[in-house]
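Inspection log for the structure reproduced underneath, given as structure tokens.
Note that these values count all heavy atoms, side chains included, but never hydrogens, waters or copies made by symmetry.
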Number of protein chains: 2
Amino acid sequence: MAAKRSGARSKRSQGISVSPQSVQEPRSELPLSLQRIVATAVELLDAEGVDGLTMRKLADRVGSGAMSLYWHVDNKEAVFDLALDSVLEYRGPPQIVESPDWRGEVVHMLEDWRASMLRHPWSASLLPRRALGPNILCRLELLSKTLSKAGVADPDLNVAIWSLWNYVMGATVTRASFDISDDDRAAAQQRLTRLGERYPTIERSRLLLDNDWDGAFRKGLDFLLDGLAPR
Amino acid sequence: MAAKRSGARSKRSQGISVSPQSVQEPRSELPLSLQRIVATAVELLDAEGVDGLTMRKLADRVGSGAMSLYWHVDNKEAVFDLALDSVLEYRGPPQIVESPDWRGEVVHMLEDWRASMLRHPWSASLLPRRALGPNILCRLELLSKTLSKAGVADPDLNVAIWSLWNYVMGATVTRASFDISDDDRAAAQQRLTRLGERYPTIERSRLLLDNDWDGAFRKGLDFLLDGLAPR
DNA sequence: ACCTGAACACCGTTCAAGT
DNA sequence: ACCTGAACACCGTTCAAGT
């Protein structure tokens, strides 16, 4: 299963953030650069999804020959890794605020994380399968620090972080993929009602019909934090 | 983003379970059938991962021309859907046992769900992005029924189910993709220690080094259930 | 140092045709 | 009803070559 992710250190493996004003360059002749490649990859992914990213299409958008990309980037995998991490830059409070409200901070951090991924729906399904880039590690570090300060003992920290990670990733991937056309939503709804007698409890809970994703995310997160909270 | 998933009803859209004795047919001339295609697709996915599944390779393994598959199956997407659902058949207690231990039942159901997916690591990353097949719906219905009997009120049922779903999916996807070669593990470990001064709390929690995935899954699940439990 | 086109070994799927 | 080969429009990536 995707064996070699070791030699991933290409020419520049720093975190790269996409400057948002690069909406659509007039395809002029600004020099090809890793930054530009990554930014354009994000645009392309936003526009056409994971399957829409093609080295050839990417080169086209960037205004170069298809093979020029390979000087800046090892391969397509690397493009995914860079695009993913670039989208997860954390623009939070630069240093930890001295506030006793650790719960509020954790909720804020995780809601921001989720929001960042939902802005680029392809990122949600990609993240858990990829190496942890610097921006991701930075978010994890901040989360750990907050929990630790809140009184979570070191031996429990690992479980606490993974639980929150698992919850956020699951919630975001699911939400991103259920955010589909209304046609599909209607079809699913109809299919489920047709199958109502086979799945009565599901139907009663309106599992697939309720639209309040944000509220559900928040409530479930509260449940988890209730359990995690140092007694 | 994967627009049309509507007309997915192909010739036979029932749940199909893979008979485990079909290890490797002597490539004899048993007739091509949907069952056999799906079973072979699972074999191929197990052997070569998501990217390894190719209509041409699948046809080869099944001993037919590449295009023969398309009589039984709409397209490659359908193969994924069928393979996924076939792997998630629930062989649990056929009817709900009358036991007061709802927590034990929920834990058992979710551990079984996770175990089924880990037996076929490709399934974890596929599931949240796909339509809910009959086997998946069956598992969800059973979960809902158990929670409902345990006293979770109808308005909370939706959140409860999604929270558990999110946690299980997140945990399983993450676990499946971190279960990589020891080389990669060693590399990640080394990289993280090298970055120790940048991410001290992560390092202290041994986030990526602890190997007790099953225990961590169980503990986090307990936290969540603590929060969910009807008071 | 940076970019390129031609070429290779693949893909999924359409189509017109076979039995 | 079931299967097939040829063909089309794509892929990612190697390589030898250009500036």
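- By the 30° and 60° cut-offs, the orientation of the rings of A:W162 relative to B:W213 is tilted.
- Atoms CG and NZ, on A:D81 and A:K76 in that order, are 12.5 Å from each other to the nearest 0.5 Å.
- Salt-bridge check for A:D112 with A:R139: passed, with a basic side-chain N closer than 4.0 Å to an acidic carboxylate O.
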- Query: According to the Watson-Crick and G-U wobble definition with distances under 3.5 Å, which dot-bracket string, read 5' to 3', encodes DNA chain D, using [ ] for crossing pairs and | for pairs with another strand?
  - Reply: ||.|||||...|||||.||
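- Checking A:L69 against A:R56, the closest nucleotide of DNA chain C that is more toward the 5' end is the one next to A:L69.
- Mapped onto DNA chain D by nearest heavy atom, A:A66 and B:G65 fall at different nucleotides, with B:G65 at the one closer to the 5' end.
- No contact: A:L58 has no heavy atom under 4.0 Å from any strand.
- Nucleic acid contact for B:M67: base, since at least one base atom lies under 4.0 Å from a heavy atom of the residue.
- Checked for salt-bridge contact, A:D85 and A:R130 miss the test: no charged N lies under 4.0 Å from a carboxylate O.
- In this structure, A:S68 reaches the bases: a heavy-atom distance under 4.0 Å links it to at least one base atom across the strands shown.
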- Query: Can you list the steps and then say if A:E111 with A:R218 is a side-chain contact (heavy atoms from CB on, under 4.5 Å)?
  - Reply: CA-CA 8 Å; A:E111 282 184 334; A:R218 178 57 197 271; 3.6 Å; yes
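- The side-chain tip of A:R175 does not point at the ring of A:F217 from less than 6.0 angstrom away and within 45° of straight on.
- Using a 4.0 Å cutoff to heavy atoms of chain B, the contacted part of DNA chain D runs 5' to 3' from D:dA1 to D:dA7.
- With A:S205 contributing its side chain and A:I202 its backbone, the two residues share a donor-acceptor pair below 3.5 Å.
- The residue B:L53 sits close only to the backbone: its heavy atoms come under 4.0 Å of sugar-phosphate atoms, none of a base.
- Rounded to whole Å, the separation between the C1' atoms of D:dC8 and C:dC11 comes to 12 Å.
- When atom types are taken as modelled, the side chain of B:S123 and the backbone of B:M117 share a donor-acceptor pair closer than 3.5 angstrom.
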